[in-house]
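Here the structure is laid out as structure tokens; the discussion comes afterwards.
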Amino acid sequence: MTSEVRVRFAPSPTGYLHVGGARTALFNWLYARHCKGTFVLRIEDTDKARNSKEAVQVILDGLRWLGMDWDEGPSMGGEYGPYFQSERENIYQRYFDQLEAGGHLYLDNGAWRFRSLREVVVVDDMICGRIEFDLSNHETHPDMTIRRPDGSWIFHFVNVVDDIEMRISHVIRGEDHLSNTPKHLELFKALGKPAPRYAHIPLILNKDGSKMSKRDEGASITSYIDGGFVPEAVKNYLTLLGWSPKDGREKLEIEEVVQLFDLEKVNRKNAHFDIDKCVWLSGQYMSSLTLERFAELCSPFLVGTDAEGLEAAKLQPVLALVKEKVKTFAEVPAAISYFFTEDYSFEPEASEKALNQPGASARLNALATAFEKVADWSPESIEAALKATAVELGVKAGSLVLPTRVAVSGRGSGPSLYHMMEVLGRECSIRRIRQTADSKAA
RNA sequence: GACCCUAUCGUCCAGUGGCCUAGGACACUCCCCUUUCACGGGAGUAACACGGGUUCGAAUCCCGUUAGGGUCGCCA
């Protein structure tokens, strides 16, 4: 029972969830699920200045959006709570008293410092291997502060106390903590408790290798939510940063990742973040979404557009048309706009190429006349009518396609023309073709 | 500055002494398919940081250099 795997993600509520933090959470989540262990979410809000309900909410929302459910933590509870450090005052006091009684602490300018054991500390890391840190030199390794003069607690101390109290078996965290680990090990030793296993995962940097800061593209999970990425795709992309199934596959069901995931196989090299590949993966997931889920995930992006609140019968056929075309939901409003307004704009280049040609107007009118005679308004019939008209006019069918497309949509590209016209409807399609023939075409 | 980690195409991964004239994916270029764009299919450009070892043999092991990243807070 003591060998049970318990891992934790312990973010500080800074107001945003960094992509690197999200991946740390993900690797914890994957390891917990792989081992059938427990994934704990603990909020490290000892810094009262930065602590706010909203800031915590951003983290919870981000984790939920990525489909990482926690077994213990905020709104879940659990037998090792509370899960906010701001509510664990008495626990820290107890451990503090123990350290003080053991002679490990001394006062310095009103703050409490931990007297280092001044030894060589070995970190046996599951990813980085065995590393020795020589802490014997006071100059290069000053005693760490664990409590401020105002009584508030410092990260290193509360982090260790909570890992003890919450029975954490494996600490999976960013490599930026690797150099802090010997200090933490000293604390475990002074407290007389066994330390957890450590696994430091490499960091995520910008594509050019520079440090990723808050403002950089893709740094905040909120940017993926707002950017309309398919959440499964972002989760999938994150698993591929530092880990791989080894067989070259890129798109993997998360259940399979859970099955295959292993800390020992995680890379030791920092990953450079490539938003293009993430967008590509989102597009891959997009096409495999059911129309229902696609419509559901689209709806927040339709707010404020002509398509907002439209009944499913009107909206879904249009969404079906663009589903295979977009890579993010954010692209949807622009992709469908001309279906829901007569005030659609014409792309200059497409207009120039398709409409500003001699005889374009006459050809469009001939097409409109042919479409008026189509018995059933199906893609097949529309196509047949267009091809027959091409024969009549003595031109290639292809040369009528683009002008028709631009006339009914204003654009040079889009869904299959015949399917698009079917959804647009006979009356609307013909009206747009005639209007364009009158006003735009030469 | 000290200490720690890392080093394969522009990027993400494969490769753990011979199967590597280094493989896959994104991006890029070209071709095919197609009514357009996209999808799909095919082809191409492109990498073992450098220098020493060890070995019959090194992308793979060792050392050094260089480069990048991290830590050294009364931030987390």
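As the structure is a computational prediction, the values presented were derived from the model and not from experiment. Residue numbering restarts at 1 for every chain, and letters A, B, ... go by the order of the sequence lines. The analysis underlying the following values was restricted to heavy atoms, covering all of them including side chains, and did not include hydrogens, waters or symmetry mates.
Comparing B:A25, B:U71, B:C37 against the side chain of A:D176 picks out B:U71 as the nearest. Of the candidates B:A76, B:U35, B:C26, the closest approach to any side-chain atom of A:D276 belongs to B:C26. Among the nucleotides B:U36, B:C74, B:U11, the one closest to the side chain of A:R405 is B:U36. Listed nucleotides B:C12, B:A14, B:A76 differ in distance to A:F155; the shortest reach to its side chain belongs to B:A76.
Heavy atoms of A:S244 sit under 4.0 angstrom from primed sugar atoms or phosphate atoms, though from no base atom. Residue-level contact check: A:G414 touches the bases, meaning some heavy atom is under 4.0 Å from a base atom. Residue-level contact check: A:Y237 touches neither bases nor backbone, having no heavy atom under 4.0 Å from any strand. Among the atoms of the strands shown, none is found under 4.0 Å from any heavy atom of A:L402. Using a 4.0 Å heavy-atom distance criterion, A:G242 is classed as a sugar-phosphate-only contact.
Protein atom CG of A:D125 is 15 Å distant from nucleotide atom P of B:C4, rounded to whole Å. Across the protein-nucleic acid pair, A:E250 atom CD and B:U11 atom C1' stand 12 Å apart, rounded to whole Å. Distance, A:Y16 OH to B:C75 C1': 14 Å, rounded to whole Å. For the pair A:N180 CG and B:C5 P, the computed distance is 15 Å after rounding to whole Å. The nearest whole Å value for the distance from the NZ atom in A:K325 to the P atom in B:U34 is 15 Å.
Taking 3.5 Å as the limit, the base of B:G73 and the side chain of A:T145 contain no donor-acceptor pair of atoms between them. Side-chain atoms of A:K277 come within donor-acceptor range of the base of B:A25, with a qualifying N/O pair under 3.5 Å.
The only member of A:W280, A:W243, A:F273 that meets ring pair (Phe, Tyr, Trp, His ring centres under 6.0 Å) when paired with A:Y237 is A:F273. Applying side chain to side chain contact (heavy atoms under 4.5 Å, CB included) to A:Q85 and the options A:V161, A:I43, A:I91, A:T46 leaves one that passes, A:T46.
In this model, the phosphate group of B:U11 is not approached by any side-chain N or O of A:N206 to a distance below 4.0 Å at OP1 or OP2. Taking 4.0 angstrom as the limit, A:R148 places a side-chain polar atom (N or O) nearer than this to OP1 or OP2 of B:A76. For B:A76, one of the phosphate oxygens OP1 or OP2 lies less than 4.0 angstrom from a side-chain nitrogen or oxygen of A:T46. Close to B:C12, at under 4.0 Å from its OP1 or OP2, lies no side-chain N or O of A:K207.
Applying the Watson-Crick and G-U wobble criteria (two distances, each under 3.5 Å), B:U55 pairs with nothing in any strand. The partner of B:A22, taking Watson-Crick or G-U wobble pairs whose two distances both stay under 3.5 Å, does not exist in any strand shown. When both distances must be under 3.5 Å, the Watson-Crick or G-U wobble mate of B:G40 is B:C32. Under the Watson-Crick or G-U wobble criterion, with both distances below 3.5 Å, B:C3 is paired with B:G70. If you check B:C50 for Watson-Crick or wobble pairing at under 3.5 angstrom, you find it paired to B:G64.
A donor atom on one side chain and an acceptor atom on the other are not found under 3.5 Å apart for A:R432 and A:T404. For A:S152 and A:R148, the side-chain atoms include at least one donor-acceptor pair closer than 3.5 Å. Between the side chains of A:T145 and A:R113, at least one donor N or O sits under 3.5 Å from an acceptor N or O.
The six-membered or imidazole ring of A:F340 lies away from that of A:Y338, with a centre-to-centre distance of 6.0 Å or more.
On the P atoms, B:C74 is 42 Å away from B:G15, given to the nearest whole Å. Taking atom C1' in both B:U45 and B:U29, the straight-line distance is 7 Å, to the nearest Å.
Position along RNA chain B of the nearest nucleotide to A:L178 versus A:E383 favours A:L178 as the more 5'-ward residue.
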